[in-house]
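Residue indices begin at 1 and follow the sequence shown.
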Amino acid sequence: MLQDAGPEPVVIDLDGLNALFEALRRAGYRVVGPTVRDGAIMLDELSSPADLPVGVGDRQDGGSYRLRRREDDAAFGFANGPQSWRRFLAPPRELLWRAGRSAEGFTVEDAGGDAGHDPERYAFVGVRACDLRAIEVQDLVFDRGPVPDPRYASRRTDALIIAVNCTEPGGTCFCASMGTGPRAAGGFDLALTEVLEGEHRFVVEIGSDAGAELMASAPRRPAHPGEIEGAAALVDAAAGRMGRTMGVEGLPELLAATLEHPRWDSVAERCLACGNCTLVCPTCFCSTVEDSTDLAGEHAERWRRWDSCFTGDFSFIHGGSARPSIRSRYRQWLTHKLGTWHDQFGTSGCVGCGRCIAWCPVGIDLTEEIAGLRGPATGTGGVTSP
């Protein structure tokens, strides 16, 4: 029997999930979520729940990622893939402005319109708790700082978020120790917990008026207490099956006091400075700008694109790079992510998703590096060498 959606959790089945997708499309949303592509779980536009990675899981470890066939038809039975939602909110490359010259002079046009961002509204389906926190961190950078980015703000304001409480952590996940998951605590319009025992169904938490309005168009029923408790137990069990843990106590102080620790030398011997960790990280925000002109000098454009603190020219100033060595670049990345991010934004820059571990070509594990820094050191910080 259908009842009005409210703050109490409700239950939908597979037909209800399909109705949810249809309602999103009727409302004009561009539905984006996980799907199988190129041998990985990628984020792409979805037309229906059939596009989800049904029956697909994964195995992740340091420098290793493989898909596997599950023994059930779980739609969200996998950990995060290499992509995060920042590629839609803060695209890898976007036009900032264009200029043109004519006989009367020249004009500069702000690309804040159609060229600057996708005018369609996004509906993000399948956002994990760690990525919800990552979006909140990106908000601090692009939307709540002293100079908000209007392009980001427009996309973020219009986005509708359907989270998924994680019941299948990966081998590189450590969100439980970071306090960012596996349960979505807020910041969503709807949050689903997939239950496979018995009837394949989803226990749905409603987090906003927009979520309640969306649920009103889907076949649903109230969740009984046993279902709510069972769904919570699945998420609690996932917290105990994390592949990694991070010791977070006193991290900023630890990093500030170990700037000359020999661990930085040992990790630099392995690090390729490829920047994979920053490209897959859901909270990294470094960028650069590129200016281009045509050969006739009649047209010019400025583009913003993602950059990485691991590149040699990222810290280049007059006279050379401020961080010429891989040691100094890796140290900058880790101390900012886990230490000085607190000074800058009041929170950690790491959400425990584990992507940087899985997608590092040599399997560098930041949880191991932190454990190593807690060991004996030959230096105590202070003035450092590059």
Side-chain angles (χ1 to χ4, degrees), residues 1 3-17 20 33-34 49 52-55 57-58 70-80 124-136 160-212 214-216 218-246 248 351-354:
M1 182 177 68
Q3 295 187 6
D4 291 336
E8 294 300 317
V10 298
V11 172
I12 61 173
D13 57 14
L14 295 176
D15 290 337
L17 186 63
L20 202 58
L52 293 167
V54 176
D58 54 24
R70 293 178 58 94
E71 297 180 355
D72 53 39
D73 292 328
F76 299 101
F78 51 86
N80 279 316
F124 296 151
V125 177
V127 184
R128 305 302 172 103
C130 57
D131 276 351
L132 273 176
R133 178 63 68 85
I135 292 173
E136 293 175 1
L160 186 140
I161 294 179
I162 300 179
V164 170
N165 288 319
C166 183
T167 60
E168 193 69 29
T172 59
C173 294
F174 57 99
C175 69
S177 59
M178 298 301 295
T180 60
R183 181 182 182 275
F188 56 80
D189 297 285
L190 297 173
L192 315 180
T193 303
E194 186 171 22
V195 180
L196 298 169
E197 184 178 353
E199 175 195 14
H200 191 170
R201 61 198 186 278
F202 302 87
V203 177
V204 184
E205 299 172 63
I206 299 170
S208 71
D209 291 340
L214 190 64
M215 282 306 303
R220 67 209 178 279
R221 61 173 175 81
H224 59 70
E227 287 177 311
I228 298 172
E229 294 171 2
L234 290 173
V235 181
D236 290 342
R241 301 201 313 275
M242 295 279 156
R244 259 67 169 180
T245 60
M246 170 75 83
V248 298
V351 296
C353 68

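- Panel note: side chain S177, backbone M246; a donor-acceptor pair is recorded below 3.5 Å.
- Side-chain contact between L132 and F188 is present, with at least one heavy-atom pair separated by less than 4.5 Å.
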Notebook entry, point to check: So R220 and V204, side-chain contact (heavy atoms from CB on, under 4.5 Å) or not? Walk me through it.
Noted result: CA-CA 9 Å; R220 67 209 178 279; V204 184; over 6 Å; no

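- Panel note: side chain T172, backbone G354; a donor-acceptor pair is recorded below 3.5 Å.
- When side chains are defined from C-beta on, T167 counts as touching V235, because their heavy atoms get closer than 4.5 Å.
- Scanning all heavy atoms of the two residues, the minimum distance from C175 to P182 falls at SG-N, 3.8 Å.
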Margin query: Determine whether E194 and V164 satisfy the following criterion, side-chain contact (heavy atoms from CB on, under 4.5 Å), listing intermediate values before the conclusion.
Written below: CA-CA 8 Å; E194 186 171 22; V164 170; 5.8 Å; no

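- The nearest pair of heavy atoms linking P169 to A238 is CG-O, 3.4 Å.
- How far SG of C166 is from CZ of R241: 8.0 Å, rounded to the nearest 0.5 Å.
- Side-chain contact between L192 and L17 is present, with at least one heavy-atom pair separated by less than 4.5 Å.
- Paired with F76 under the rule side-chain contact (heavy atoms from CB on, under 4.5 Å), one option of L52, T193, V54 passes, and it is L52.
- Applying the salt bridge (Lys or Arg N to Asp or Glu O under 4.0 Å) definition to pairs two or more places apart or across chains, those involving residues 125-135 are D131-R355, R133-E136.
- Contact detail for A239 and A176: the closest heavy-atom pair is O-CB, 4.0 Å.
- Residue pairs that meet the salt bridge (Lys or Arg N to Asp or Glu O under 4.0 Å) test with at least one member in residues 224-240, sequence neighbours left out, are R201-E227, R221-E227.
- The backbone N or O of S208 lies less than 3.5 Å from no partner atom in the side chain of D189, so there is not a single donor-acceptor pair.
- In terms of heavy atoms, D13 sits closest to F202 at O-CD1, 4.4 Å.
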Next item on the list: Let me see the working for M178 and V248 under side-chain contact (heavy atoms from CB on, under 4.5 Å), right down to the final yes or no.
Entry: CA-CA 7 Å; M178 298 301 295; V248 298; 3.5 Å; yes

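- Within the 4.5 Å cutoff, side-chain heavy atoms of L190 are placed close to those of I206.
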Next item on the list: Could you walk me through whether L20 and I162 pass side-chain contact (heavy atoms from CB on, under 4.5 Å), step by step?
Entry: CA-CA 10 Å; L20 202 58; I162 300 179; 4.1 Å; yes

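- We find the OG1-CZ distance between T245 and F174 to be 9.5 Å, quoted to the nearest 0.5 Å.
- For E199, the CD atom sits in a packed shell: over 12 heavy atoms of surrounding residues, nucleotides or ligands are nearer than 6.0 Å.
- The CD atom of E168 lies 10.5 Å from the CG atom of L234; values are rounded to the nearest 0.5 Å.
- Taking 4.5 Å as the limit, some side-chain heavy atom of I12 sits within range of a side-chain heavy atom of M215.
- Between the R244 side chain and the G352 main chain, no donor and acceptor come within less than 3.5 Å of each other.
- A donor-acceptor pair under 3.5 Å links the side-chain atoms of N165 to the main chain of A184, judged by distance alone.
- P53 approaches P34 most closely through the heavy-atom pair CD-O, 3.3 Å.
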